[in-house]
Amino acid sequence: MYDLIGLIGVVAYLAAYFGVQLMGWSPESQRYFALNVLGPACILVSLVHSFNLASFVTQCTWLLVTFFGWWRAWRRRPARAMAALQSAGRR
């Protein structure tokens, strides 16, 4: 069961990467963030069964970077919306 959960995490990572690289997803899209949270979360669950320190550190770091990126994108969103409104008003 833990291996299956870990594999779901791997699929989530690969889907996020595939989406950005080949499908044109924005790295700031909600689905990209969701997949990048699901991936390490599932792998961390799988590590409960068979712990590996290097993998644990990697997954925790990935989660922190993902949440920081989400927070940064969330902070910039109002500024982009305001710039778009101002740009539309000039036309």
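- The hydrophobic cluster analysis finds Leu64 isolated: no Ile, Leu, Val, Met, Phe, Trp or Tyr side chain comes under 4.5 Å of it, directly or through other members.
- Listed by chain and residue number, Phe51 satisfy the ring pair (Phe, Tyr, Trp, His ring centres under 6.0 Å) test with Phe56 (two or more places apart in sequence, or in another chain).
- Using cut-offs of 30° and 60° for the angle between ring planes, the Trp71 and Phe68 rings count as tilted.
- Under the 4.5 Å side-chain heavy-atom criterion for Ile, Leu, Val, Met, Phe, Trp and Tyr, Leu53 and Leu44 are members of the same hydrophobic cluster.
- Residues satisfying the side-chain contact (heavy atoms from CB on, under 4.5 Å) test with Ala12, not counting sequence neighbours, are Leu35, Leu38.
- Gln30 places a side-chain heavy atom less than 4.5 Å from the side chain of Trp70.
- Contact check for Ile43 versus Thr58: no side-chain heavy atoms found under the 4.5 Å cut-off.
- Counting only distance, with no hydrogens or angles, the side chain of Ser55 and the backbone of Asn52 share no donor-acceptor pair below 3.5 Å.
- Within the structure, side-chain hydrogen bond (donor to acceptor under 3.5 Å, both in side chains) contacts touching residues 2-19 (residues at least two apart or in different chains) are Tyr13-Gln59.
- Note: the hydrophobic cluster containing Val37 does not contain Val48 (ILVMFWY, side chain heavy atoms under 4.5 Å, direct or indirect links).
- When the side-chain contact (heavy atoms from CB on, under 4.5 Å) test is applied to Val11, no partner is found at least two apart in sequence or on another chain.
- When the side chains of ILVMFWY residues are joined at heavy-atom separations under 4.5 Å, either directly or via intervening members, Trp25 and Leu22 end up in a single hydrophobic cluster.
- In this structure Trp62 satisfies the side-chain hydrogen bond (donor to acceptor under 3.5 Å, both in side chains) test together with Asn36, sequence neighbours excluded.
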